[in-house]
Amino acid sequence: MPKIVLEGLVKRYGSFEVLHGIDLEMEEDEFTVFVGPSGCGKSTTLRMIAGLESVTEGEIYIDGKPVSQLEPKARDLAMVFQDYALYPHMNVAKNMSFALRLQRMPKAEIDAKISAVAETLGLTDFLHRKPGELSGGQRQRVAMGRALTRDSSTFLFDEPLSNLDAKLRGQMRAELALMSQRVKKNMIYVTHDQIEAMTLADRIVVMNGGYIQQQGSPEELFKNPANKFVAGFLGMPPMNFLDGEITEKSGEIFVQGQGFSVKLSHQKAEAARAHSGRSVTLGVRPSDLVYDPAAAEDQSLLVSIIVSEYIGAQTVLLCDCGGQKVEVELKSTIPIDRNGQLRFAINPEGVHLFDKKTEIAL
Amino acid sequence: MNIANKANRLTPYVFMAPAAIILAVALLYPIGYMIYASFLDWSPSQRIGEADFVGLRNYVNLMHDAAFRESFWVTVKFAAVVVTLEMFIGVGLALLLDRNIKGMSFLRTIFILPMMIAPIVVGLMWRYMYHPTVGIFNRTLKDWGFEGIPWLSDSTWAFVAVVMADVWQWTPFIFILSLAAMQSLPRSALEAAEIDGASDMQKVIHIKLPLMLPVLIVTLMLRLIDAFKVLEVIMVLTNGGPGLSTEIVAMRIFRTAQEFQELGEAAAMSNTLLMVLMALTIGMFAYNKMQEGRAAKMQAMAAKGTA
Ligand SMILES: Nc1ncnc2c1ncn2[C@@H]1O[C@H](COP(=O)(O)OP(=O)(O)OP(=O)(O)O)[C@@H](O)[C@H]1O
Ligand SMILES: [Mg+2]
């Protein structure tokens, strides 16, 4: 369906600037996911696309046409609000069918549509209740249902699954993935959930403090984060950061810090050579650290356990490495010496280097 | 049961006693006095003890009193017409002025001014405006080349005249309450309606009015009760005339007591009016109860459903 483009989008409330120039091109039928910490401007961006917030500067284009002066209803979109925004005086069925009734769709058709959507969302038993008589998760599903009954070209979701239990959330996620494959629509989706972002997105947009930090496919962002913020934001448990310095010893490039000295692979070394002597942050994901007592000293970290969190098949260990904190994962069945020192081998491909000051990837 | 325990249980009643006594003296005594008086044949020259007890005769007389029936009918007509007009205009204005434009708060203040003027003054003001020769209405009509209207001397026009004055004075009451109701409506539901493709009119009909309904119904009841008791403006404007065309019940009661010196009869009329107003008030409370009851039932059902 249409291609949505944001160009230099700025939002100010009075003199308080919330968005500082958002540039973003979303391809047709793309599933775009906005992630970022609370208060970074995700909802504001979404609401500007929807036409609920005025555009201070910049422009929004839908299919090449500037729309920032258009009313929401002229933009042909459906939206799930972060606070649900249900109609308190209408029951669930009426809430979900409001748009259809306004369009004067035949009653039989509406009923069929509502019962189908209610079925997928597990709301069949609640169709005659008012929102005030539903639990938070049920309300959120109604909000979802209200959007899904629509046949708009663009769907906006503002944290649509945040209030559901883990199982239901998994089901809904699968349902959404299925829907995005089946019906070719633009979807713009805000979430705090890593898994939702990674599994659903064609394109992830990482925001922070009113700026876009990086955008790209989930794989791109995961493998090549543009800066320390993106690296730390995506992935669970989050990436470890260790302060160090780039040093050169007999032609080899090392990152050296308190309690570790890691030799870089050829490929990484090429990029790092020019920065010899510079203070850097070494980033490495827990998944790139493998317990291996026999690992070479310059290919591993030596750590001691501070806290261990048993989470079933895996155990997450918070460890100390030369005064800096490191999280690692371990199969719960592996026997370890809890009081001694453990050696974790570093996957050479999993080494990320960031400039200490600018935090930009080297 | 020991004494301390008993004292504990009585404490709340002791604290409530002053309020209860004041209530009894200030409220129940006059009403009781009036009910008692309605069973008497009592003229102002007598002390209440000297008046003859006549049982229900005053009430029986009322039923056969064509003038009272007429005044009752005038009151109902008046209340129905003014409250309907005020509701439409008041809510309509609130819908129009519920937006954030510069100067809107000033405009709102202007709109509620009439409510703050004493009814007698309102009556006098309108009487001058309705004056057959120098009043603003007739002067304007003459300037435009029309005949003057006999505002207060024709029985039909007199009714229109008092209705207009009342609407002018009390529309602001409805306006301000509906504006308050409107501004506490959930913003997000209105935004959702916009996304769902509702036009401004559809938002009013499907979202705003239904959500305001409870407030509107209470407002309507309050206004209705008030309209049944209207007196001052009409007294100043027409004094009930011409004929009995604008003689509302309150006016009739006043005249029965003042001119005809029939205190017992006047008390009986007051009681009749009181009973009508009581019925309206009970209706209002019943409506509230019904709403709460329905909500509670739904909640109970919801609880059972999720259990
Ligand atoms: N009406 C407003 N007036 C002033 N500031 C506002 C207003 N609405 C939002 N903000 C500010 O704009 C910033 C971005 O808000 P926004 O709702 O877009 O955050 P978000 O990324 O959706 O956060 P969350 O994940 O918590 O929902 C916040 O700092 C917020 O305080
Ligand atoms: Mg938000």
Side-chain angles (χ1 to χ4, degrees), chain A residues 43 46-47 49-53 70-92 94-105 123-135 137-138 142-143 146-147 149-152 154-156 158, chain B residues 91 95 98-102 178 180-220 287-307:
Chain A
S43 296
L46 209 61
R47 290 169 54 84
I49 296 173
L52 298 170
E53 298 283 350
L70 289 186
E71 300 237 319
K73 67 175 166 166
R75 304 187 188 190
D76 186 26
L77 27 83
M79 178 165 177
V80 179
F81 289 74
Q82 185 166 13
D83 59 357
Y84 318 150
L86 301 179
Y87 309 122
H89 58 299
M90 297 185 198
N91 65 25
V92 171
K94 290 248 152 55
N95 256 287
M96 295 203 287
S97 63
F98 185 60
L100 307 182
R101 283 183 287 136
L102 290 181
Q103 293 161 10
R104 304 198 179 286
M105 185 185 272
L123 286 171
T124 311
D125 294 339
F126 307 107
L127 283 177
H128 295 289
R129 295 236 193 118
K130 299 243 176 94
E133 297 146 16
L134 296 174
S135 75
Q138 288 162 349
V142 178
R146 194 170 55 182
T149 53
R150 300 278 307 277
D151 194 30
S152 312
T154 303
F155 286 84
L156 308 175
D158 200 344
Chain B
V91 175
L95 285 168
D98 176 34
R99 53 198 70 190
N100 291 321
I101 309 175
K102 256 213 183 104
S178 17
M182 213 169 295
Q183 289 182 337
S184 60
L185 291 184
R187 278 264 159 265
S188 58
L190 291 167
E191 288 178 344
E194 260 172 67
I195 297 278
D196 274 347
S199 65
D200 284 349
M201 202 56 201
Q202 284 169 327
K203 272 195 287 184
V204 169
I205 292 170
H206 296 292
I207 313 287
K208 288 188 184 175
L209 286 180
L211 285 177
M212 284 164 63
L213 197 62
V215 176
L216 290 185
I217 285 181
V218 173
T219 310
L220 180 111
Y287 171 80
N288 273 346
K289 264 267 145 36
M290 204 174 72
Q291 290 289 43
E292 278 165 25
R294 215 176 58 179
K297 207 175 78 191
M298 289 291 228
Q299 228 134 44
M301 250 167 61
K304 215 165 60 199
T306 45

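To find a chain, count down the sequence lines: A is the first, B the second, and so on, and within it residues start at 1. Everything quoted here is computed from the prediction, not taken from an experiment.
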Do A:M79 and B:E191 have side chains that get closer than 4.5 Å, going by heavy atoms? no
Note: B:L211 and A:P88 closest approach over all heavy atoms is CD2-CG, 3.8 Å
I need the minimum non-hydrogen distance between A:F98 and B:A198, along with the two atoms involved. CE2-CB, 4.2 Å
Take a 6.0 Å sphere around CZ of A:R101 and say whether it holds more than 12 heavy atoms from other residues, nucleotides or ligands. yes
Bottom line for A:L86: the part with an atom under 4.5 Å from chain B's heavy atoms is backbone
Flag the pair A:M90 / B:I207 as yes when at least one side-chain heavy-atom distance between them is below 4.5 Å, and no otherwise. yes
Without swapping roles, check the side chain of A:H89 against the backbone of B:M212 for a donor-acceptor pair under 3.5 Å. no
Is the NZ atom of A:K94 crowded by more than 12 outside heavy atoms at less than 6.0 Å? no
Where does A:A50 contact chain B at under 4.5 Å (heavy atoms): side chain, backbone, both or neither? both
Distance in Å, A:E71 CD paired with B:S199 OG, rounded so as to fall on 0.5 Å steps: 9.5 Å
Any side-chain heavy-atom pair from A:R75 and B:I195 closer than 4.5 angstrom? no
Rounded to the nearest 0.5 Å, what separates atom CG in B:D200 from atom NZ in A:K73? 6.5 Å
Side chain, backbone, both or neither: which part of A:D125 has a non-hydrogen atom closer than 4.5 Å to chain B? neither
